[in-house]
Each structure stands twice: as structure tokens, then as C-alpha cells.
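All heavy atoms count here, side chains included; hydrogens, waters and symmetry mates do not. Here is how names work: the chains are called A, B, and so on, in the same order as the sequence lines, proteins then strands, and each is numbered from 1.
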Amino acid sequence: MIRLQDTLTGETRPLEPLESGHVRIYSCGPTVYGPTHIGNFRSFLFADLLVRHLRRSGLRVTWVMNITDIDDKIIKGAAAAGTTIEALADRWLAVFLADAAQVRMTRPDVLPRATGHINEMVALISTLLDRGYAYRTDDGSIFFRIASWPAYGRLARLDPDQLRVGERVESDEYAKDNVRDFALWKGPKPGEPSWETAVGAGRPGWHIECSAMSMKHLGPSFDIHTGGVDLIFPHHEDEIAQSEAATGLPFVRTWLHCAHLQMSGAKMAKSTGNIARVGEILDAGVSPRALRYALIAVHYRAANNYSDESVAAAAAAVDRLDALVAALDAYREERADSPDLEAVLTTADDAFGAALDDDLNVSAALAVVFDLLRVINRRIDGRSLSTSDAERVLQTLRSLDQVLGVLPDPSEDLDDEVRRLLEDRAAARARRDWSASDRLRDELAARGIAVEDTRDGQRWRRQLETTRG
RNA sequence: GGCGACGUGGUGAAGUGGUUCAACACGGAGGUCUGCAAAACCUCUAUUCACCGGUUCGAAUCCGGUCGUCGCCUCCA
């Protein structure tokens, strides 16, 4: 059984889904006003790892990730680009999905968009007004009254009375009773998109969308809510307050927050410009699988420093896995199956699962994989595996990779030219024409194909770029 | 100012009271194999876990203090 550390209580406890065998997870997704940086992806990939592990463990998972397609930045961005918020959001959503596919993020089961859930948000806001947790201001805005919710601040361990109200408090346009009250609904303003609704005209605040969409798709109470630590306050604090105030039910069973991805020793954030994007990293020649590895290989609650060196190390590790897969693919040996192999594989599989069960201890899980890698390489060198043994090992690796998602695609077709070069080289080797063989090896290398000569004959694999440039 | 996380080798990082507890990965040195190369394998690369003090038969692991780093308190994954 998997154990996870809940931010709210600080406890690490077994995951017991509200519905037996079915885990409901909500992840705070991207605001689509620009390219999603890899810090964001770190947070999404940690959720991806969790979802993959739960599924491989035999649990059914419903994973919802919201798309914020209406907020101040989108409005500003659209105005600056002379386009509509829909067009801007569509454009960046497409980029997000493409980037997500590149780093092999599992596609969430539902990707709800905020603008598609205005009714649900309005319903929540109406309830909060009815119950006295919210109030209107003259400009048509509606705020949540923090003073009405005693538990406010529990998640972030902040005392509402102690919150430092800085100098830059409210350059805000909206008058409210208490500066710490947060907007559920923003009154209409010239030049801003506005919806005519039962609570008046205007547009939704940010926090309400996650309450509305998570509860719409997962129910008023669900198992896991994930996000980056920077969302703990105020975003998730506000979500809890408004959701529980509206339903009277516990909102989320387990809160999971991942630490920041850092770069050059500081948090990666759009506001400081300290960001790197998937597109530019891949354009620089980094393998998407290496990028994924670099983003998931550090435990989610520990800071992960991204650098050229860290991706290069990740690429080297992935390359080592690739070499094993290529070796197993090519391996042929007519001999009896190893009697003890099954136990070796089962032990590794169990240890891998147990490591991830322990609050997603990915480092320990990777250690299991590399321990297995060495054991198998020894047997390959020693020719002590049968052909079907090699296939069994590959099956196990593929199974573990259902969680990691870093192994090469099994169905990688070679183009005809490369295929011909490989055949020519094999023929040259057969007649011991080393100069032709070496020349063909260079030609293949120039096309990104590494060839190696082994007792199983010539074998190839795609070269990973380990560093940029 | 308030709150919190963290500080393990050249780098990343697991380990949170004791029999392989200093994993695993990257990097480095040497070696084996190989037509060459690559890959792989083998050996070596932290008597030590920021520092000081304490608890204990015993601590990287618990307690106290010091220093340092990062983060939250404001949009932010």
C-alpha cells in the first residue's frame, strides 16, 4: 500500500481511496498564456509518476488537470497580441499538450477549462453568498470573508492575524472588507471579458475555478490534490475554505506538494525570467527522455536543481538503459532458461514497487533498476541467459518503465537509408573489410545511429545528445 | 518580522538508532574483453554524513545551539 505525506497534517499515511480501488486525483495545471516552463512540468510529472505508479499497482485512477484559460495575464496577453483570450489560450494550450507529450506526461483523463465551467463556479459562489461566507462590493465583485472560516491558514500554517500585509497590498482595484479576503468573482470592467450570470456580470477569480472543476469531475470530496509548494498559499488555502464552506464536507484527503525546480540556485519562475522551456531545451539537442529523467529523478519534496550538467547526467543514465535494451533485443543464445532468473526479476519488481510506495521514493526505485541492470549485463557478458530469458528481462524492464517512462520506444522504424547502411556494414564485416566497416560506422554515427559489434552481431541504437551544442 | 524545508563524496542523491549504514546515478583513474571502436564487466574514487555540545552501550540518523542555503507570507507548478 502506498504511503504519502499529506501537507495539511504533515503525516505520512497509507492511501485509502474513498472508493475502494479507485483513486481520484486533481492536479493544478497550467495557465495558458505562454509556454509552460520546465518548473511547471516538474510538478506535472511528479503527479504523472504518482498516477503511473498507482495504475501499475492495479488501482483505477481518474486524473483531472485544469487548464486556466481566463485570468489577468491572459487578458493582458491577448490585448498585447491583438487577439482574443480564446485564441491566445488555444494557442498555448496546444503548445502545452505538445510539450507534455514530448516529456511523456500521461494525458489526464479530464482537462477541464475554466471558461467551460462558469456555471459551476457561479453555483458555488451563490451558495457561499447564501451561507454568509461571501459578500459583494460596489463594483459587482464578490469576496470570500476569511474571518468567517476559522480553519483558514491551517494548510499553510499561517495565522491570518499575523499575515504580513505588505506595502504592495492592494494596488488593487477592488474594495473589500479585509485586505486578506480573496476574490471569488470580479466585477465587470471595460476591456475585460465578462459573463452575465446569476451572481451578476463579471469574471471568475482564480481560486474558485479549481474548487468548481475538481468537485464537478471528482465529487465534493476526493483523494489527492497536487501542485507546487507555491500554490499552498493562498491558492490551496482558499480552495479549502471556499469548497468546504460551500459543501460542508471535507474537500481533499491528501494534499501533495512538490518542491521547486531551481535553476542557478533560485526558484524557476516566470516573474523573474529564470525559466527554461521544453521547446528550447529540445531544440538545443537534449533528448526528451533525458529531460524527463532529469525532472523526475529527484524526490518530489526536495528541490531539484536543473542545469546543463544535470540533464547531461540524466542523458548518460538513460543512454545506459538504452544500451541494455539494445543488448537484450539483439541477444540470441540457444541454451536452457536460467532457473533463478524469475526470482531475480520478481525481487526487483517488488523492491521497485515498495520504493515508490514509500511516498514516491524515486531514487530508491531507480537504484533498483540500476542494480538489476548490472546483474543482467553480467549475465549477458557471461552468456548465461537464453534467448527467452532475455525477452523476459525486457518484459520486466518495460513493466517498470510504465512508471518511469524513459525507455526508448520499441517501435522505432529505421529509414531505408540507415537500414541499407547497416546491411552494407554487416556485409563488410562478414568479409572482414574493416576500412569499409569503419567508414560505414562513421556514416551511421553522422545519422545519429550508434553501432556496436558483439557476439550477437552488429547492434544499433539511437544516440542521445548528452549536452547541448 | 512570522512560518517552513533543508545542509551526506568531485556532482546529484538514498539512508533517519546498531548485524554490508554510507545505496544508486553522473564524472574520474586503472584493468578485462574487442580487428579497431563502442558497449559491458571488474577494481579504486566519503574511517565519514555543515559545525559545536548533549542523550545513548551505540547516532549521518534523537535533543539543544551555531552557521549556511532555499522557500512561503504577493501572481506563481
What nucleic acid atoms does [X] come within less than 4.0 Å of, heavy atoms only: base, sugar-phosphate, or nothing?
X	answer
A:N361	sugar-phosphate
A:D371	sugar-phosphate
A:E452	base
A:G227	sugar-phosphate
A:L261	base
A:A450	nothing
A:A266	sugar-phosphate
A:R429	base
A:H37	base
A:T36	nothing
A:N377	sugar-phosphate
A:G29	sugar-phosphate

| query | Is there a side-chain contact between A:R455 and A:E333, using heavy atoms and a 4.5 Å cut-off? | reply |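 A:R455 reaches A:E333 side chain to side chain.
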Next item on the list: May I ask you to evaluate whether A:R455 reaches the phosphate of B:rA39, defined as a side-chain N or O under 4.0 Å from OP1 or OP2?
Entry: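 No, because none of the side-chain N or O atoms of A:R455 sits under 4.0 Å from OP1 or OP2 of B:rA39.
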Determine the interatomic distance between [atom1] on [N] and the same-named atom on [M]; round to the nearest Å.
N	M	atom1	value
B:rU16	B:rG7	P	13 Å
B:rU43	B:rU55	P	42 Å
B:rC24	B:rA46	P	14 Å
B:rA22	B:rU48	P	13 Å

5'-most contact on RNA chain B (nearest-nucleotide basis), A:V368 vs A:D381, goes to A:V368
Ranking A:W434 and A:A156 by the position along RNA chain B of their nearest nucleotide, the one closer to 5' is A:A156
Subject >> d(CG, A:L373; P, B:rA23) in whole Å >> reply: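 Distance check: A:L373 CG to B:rA23 P gives 18 Å.
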Is there a Watson-Crick or G-U wobble partner for [N] with both distances under 3.5 Å, and if so, which one is it?
N	value
B:rA14	none
B:rG53	B:rC63
B:rA5	B:rU69

Exercise for the section: Confirm from the modelled atom types if A:R441 and B:rC36 form a donor-acceptor pair under 3.5 Å, side chain to base only. Expected result: yes
Taking atom [atom1] as the centre, does [X] end up with more than 12 heavy-atom neighbours from other residues, nucleotides or ligands that are less than 6.0 angstrom away?
X	atom1	result
A:R13	CZ	yes
A:R154	CZ	no
A:R432	CZ	no

Pair A:E423 + A:R419: basic N to acidic O under 4.0 Å
no
Evaluate ring-ring contact (aromatic ring centres under 6.0 Å, His included) for A:F44 paired with A:F96, printing each intermediate quantity in order. CA-CA 11 Å; A:F44 305 148; A:F96 165 68; 5.6 Å; yes
